Protein chains: 2
Amino acid sequence: MPLPETQIPGRLQAYFSERGIRITQQRRAVLRVIETATKHLDAGQILRKVQRVDASVDRSTVYRTLQLLKRHGLIDELDLMHIRGEGHYYERKMNREHIHIACLRCGKITEFVTSTYDKLKQQVEKDCHFKILVSRLEVGGYCSACRQ
Amino acid sequence: MPLPETQIPGRLQAYFSERGIRITQQRRAVLRVIETATKHLDAGQILRKVQRVDASVDRSTVYRTLQLLKRHGLIDELDLMHIRGEGHYYERKMNREHIHIACLRCGKITEFVTSTYDKLKQQVEKDCHFKILVSRLEVGGYCSACRQ
DNA sequence: AGCGTTCTTGCGACCAGTTGCAACTCTCGG
DNA sequence: CCGAGAGTTGCAACTGGTCGCAAGAACGCT
Ligand SMILES: [Mn+2]
Ligand SMILES: [Mn+2]
Ligand SMILES: [Zn+2]
Ligand SMILES: [Zn+2]
């Protein structure tokens, strides 16, 4: 994941306190893990990282926090073509919307930004009279290396 | 779901026998359910429909058949923005790739076909040197009716 | 700082999806 | 039509995600 320079640690926590959403030790730990992630993490990975800070944190708390973040549009939920298992992956929502490209052979995930994607979404909004709040484009196939 | 006229019942079963994939009573039932579906079904709905034909069919068989169909590119797996629950939805793969648009308020699912989507995929293939086998674009937001 | 309200947590029970295994059944060749 | 062999099934056990509930923590107000 890009982890752009614009990503200030503590941003999620700031969002919470601005909105009067309670900050607990458990939530603080989850937010830290998500903010400092350098790749897409699934719920299990997030749980394990959180438990290295506080082993008593329950899995339901992590799931509830992920739901909260999702509801507020602070993270995106991805399938990444279910390369491994059938669970979901999470990433901090960034400035630029990007496409996820998953190689079905080596498992590499590539992110791709293009204005064509923005145009396509605008077209959907116009043609379907629909207000888009979330969107997700994922593709699976073979990367150049895996095609020899 | 469109259920286009080009959709001949028995097509999936024909595909199986052409390839020497065994056709069992259980698989036949699952294929029938998927071929005659008029909307996106989740695994639980498929299981219940199959069990109305043969009550002894186990859930693992349905899941395994769905995996088989997915592996052969005969069905697409969708999240539909997890409007209801967190499971996946399935649909027979059609001639035209389409976008799924989910209203987060009323739950309506709209399908949309546009050449812009094809162009975007071509661009990804070219710019990322990637061979696309599967793709999935889902958007969530509010439909015109739900915005008054 | 102490208090009360309200929200959050951990727990246990539950449900959905996966997997190893032994019993079964398809398919093909004879 | 039958039998052999490979592939498939149901089952049971397990894992991952959800939910109701009672105990516990956060935070605004004094
Ligand atoms: Mn999914
Ligand atoms: Mn569809
Ligand atoms: Zn690859
Ligand atoms: Zn709507």
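Side-chain atoms are counted along with the backbone in the values below, which use heavy atoms only and exclude waters and symmetry mates. The structure displayed is predicted, hence computed values, not measured ones. Throughout, protein chains are lettered first and strands after them, A, B, ... in sequence-line order, and every chain is numbered starting at 1.
- Atom CD in Q25(A) sits roughly 11 Å away from atom P in dT9(C) (whole-Å rounding).
- Distance, E86(A) CD to dT15(D) P: 16 Å, rounded to whole Å.
- Rounding to whole angstrom units, CG of residue L68(B) and P of dT8(D) are separated by 7 Å.
- Between the side chains of H82(B) and E138(B), no donor N or O sits under 3.5 Å from an acceptor N or O.
- The CZ-C1' distance, from R28(B) to dT27(C), rounds to 13 Å in whole Å.
- Between H82(B) atom NE2 and dA16(C) atom P the separation is 15 Å, expressed in whole Å.
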Between side-chain atoms of residues 140-148 of chain A and protein atoms elsewhere (two or more places apart, or another chain), which donor-acceptor pairs fall under 3.5 Å?
from    : atom 1 : to      : atom 2 : distance (Å)
R147(A) : NH2    : H129(B) : O      : 2.7

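- Looking at residues 45-61 of chain A, you'll see R59(A), S60(A) sit with a heavy atom under 4.0 Å from some atom of DNA chain D.
- When distances run from any side-chain atom of T24(B) to the nucleotides dT18(C), dT9(D), dA6(D), the shortest one goes to dT9(D).
- Using cut-offs of 30° and 60° for the angle between ring planes, the F16(B) and H72(B) rings count as tilted.
- Between Q13(B) atom CD and dT27(C) atom C1' the separation is 14 Å, expressed in whole Å.
- Taking atom CZ of R22(A) as the reference point, atom C1' of dG24(D) lies 11 Å away to the nearest angstrom.
- Separation of atoms CD (Q26(A)) and CG (L31(A)) is listed at 11.5 Å; rounding is to 0.5 Å.
- Taking only distance into account, the side chain of R64(A) never meets the base of dT9(C) through a donor-acceptor pair shorter than 3.5 Å.
- Considering CG of L137(A) and CG of L120(A), their distance stands at 8.0 Å, rounded to 0.5 Å.
- Looking at which nucleotide of DNA chain C each of G20(B) and I21(A) is closest to, the 5′-most match is held by I21(A).
- Atom CD in E77(B) sits roughly 14 Å away from atom C1' in dA16(C) (whole-Å rounding).
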Can Q123(B) and T116(A) be said to form a side chain to side chain donor-acceptor pair (under 3.5 Å), step by step?
-> CA-CA 9 Å; Q123(B) 193 193 332; T116(A) 315; 2.4 Å; yes
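- Rounding to the nearest 0.5 Å places CZ of R92(A) at 10.0 Å from CG of D76(A).
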